[in-house]
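Here the structure comes first, spelled out in structure tokens, and everything after it is commentary.
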Amino acid sequence: MTDSLATVQTIDDLRLAVREARLAGKKIGCVPTMGALHDGHISLVEAARRETDFVVVTIFVNPTQFGPNEDLAKYPRPLEADLDKCRAAGVDLVFNPDVESVYPSGDATFVEVPGLSEVLEGAHRPGHFRGVTTIVLKLFNMVLPDVAFFGQKDYQQQLLIRHLVDDLNVAVEIRTCPTIREPDGLAMSSRNAYLSPEERQTALALSQALKIAEQSLCDERQSPVEARVRMIEHLTSIPGLVLDYATVADAYSLKELDEASGEMVALIAARVGTTRLIDNLPISLRLPV
Ligand code: AMP
């Protein structure tokens, strides 16, 4: 483990540090985050450490991906604790810029991936993915990593980033790492900190519903239509949970499926109190040979 964590706030200092690492022959890994780090984030750092020689974690609560009525102001920003976690995880460099250096006045350019960004999360959070793809491309241009690491937890996001990188020929390899869960199944999320103990119990319904879909599709060989109905039945039976969507979709196009295909993903978004949670489970059908 290394304890030589450096932190930089400006793009110039970031570039200098990364250039130095590259000149030393190091392969650069990047883990973009909004901070409030948990074991899900740290699993991305560990993947980055396995595959690259110089791990940059970016911590930036990106205003352009929050809607006007979302939680930008109250989003947790425990910087000191985050730096301790980065140090313990062997991160080499933390980049935590301020909003003005990322979006200086007059900044006007966005990138968007039409189609895929308009369904599911995109339909419920207009403009969200435009903010995500723009900040990720900006961070790629600032850090210039060889490899960047994202979580399967934000399934639609990692698909969109893969599209962005392919479509614009960005010279970075994208890795998607499995969702890290609490022992009881709850997907780790910085937003879990908002949940009261009672809400935290209610939130278990998301991972339970995903397991129900998996059982329906894989063990009982039911159709995605039936799996969807069973997820929705479970989720709507839970007091205190308001469902945004629960669906079974093609793992690549995210088109809702009526008939089973080889690579699927069950996706859920729901609100528990004032906290909006998302979760998903990729489901591969072991087709008979
Ligand atoms: P965020 O700080 O929420 O923007 O997340 C930063 C990165 O961590 C994204 O690539 C997320 O998909 C990933 N991430 C968040 N939660 C988890 C989790 N429970 N397991 C794995 N990756 C995660």
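Sequential numbering from 1 along the given sequence is applied to the chain's residues. Note that ligands are numbered from 1 as they come in the structure, with each ligand's atoms numbered from 1 the same way. We use all heavy atoms of the structure for the numbers below, so side chains are in, but hydrogens, waters and symmetry mates are not.
For Arg230 and Gln215, the side-chain atoms include no donor-acceptor pair closer than 3.5 Å. Side-chain N/O atoms of Arg228 and Ser216 include no donor and acceptor closer than 3.5 Å.
No side-chain donor-acceptor contact under 3.5 Å links Gln157 to the backbone of Asp154. A donor-acceptor pair is defined here as one N or O able to donate and one able to accept, closer than 3.5 Å; no such pair exists between the side chain of His128 and the backbone of Gly122. With hydrogens and angles ignored, the 3.5 Å screen pairs a side-chain donor or acceptor of Ser237 with a backbone N or O of His234. In this structure, the side chain of Ser261 does not engage the main chain of Leu257 through any donor-acceptor pair within 3.5 Å.
The contact set between ligand 1 and Gly151, taken as ligand atoms under 4.0 Å from a residue heavy atom, comprises 9 (C), 10 (O), 11 (C), 12 (O), 13 (C), 22 (N). Here is the list of ligand 1 atoms found below 4.0 Å of a heavy atom in His38: 15 (C), 16 (N), 17 (C). Those atoms of ligand 1 with a heavy atom of Phe150 less than 4.0 angstrom away are 10 (O). If you number the atoms of ligand 1 from 1 as listed, the ones under 4.0 Å from a heavy atom of Leu44 come out as 7 (C), 8 (O), 10 (O), 13 (C). Here is the list of ligand 1 atoms found below 4.0 Å of a heavy atom in Thr33: 2 (O), 6 (C). Of all atoms in ligand 1, numbered sequentially from 1 with element shown, those under 4.0 Å from a heavy atom of Pro32 are 6 (C), 7 (C). Atoms of ligand 1 lying under 4.0 Å from at least one heavy atom of Met188, given by number and element, are 16 (N), 17 (C), 18 (C), 19 (N).
Annotation: cation-pi pair Lys138/Phe60 absent, no NZ/CZ under 6.0 Å from the ring centroid and within 45° of its normal.
For atom 12 (O) of ligand 1, the closest heavy atom belonging to the protein is Asp154 OD2, 2.7 Å. Nearest protein neighbour of atom 23 (C) of ligand 1, counting heavy atoms only, is Lys153 CB, 3.9 Å. Ranking protein heavy atoms by distance to atom 20 (N) of ligand 1, first place goes to Ile180 N, 2.9 Å. At the shortest separation from atom 1 (P) of ligand 1 among protein heavy atoms lies His41 NE2, 3.7 Å. Scanning the protein heavy atoms around atom 21 (C) of ligand 1, the nearest turns out to be Pro178 O, 3.4 Å. Looking at atom 4 (O) of ligand 1, its nearest protein heavy atom turns out to be Met34 CG, 3.6 Å.
Between Tyr245 and His124, the ring-plane angle classifies as tilted under the 30° and 60° cut-offs.
Considering Glu199, Glu70, Glu121 as possible partners of Arg276, the one that fulfils the salt bridge (Lys or Arg N to Asp or Glu O under 4.0 Å) test is Glu121.
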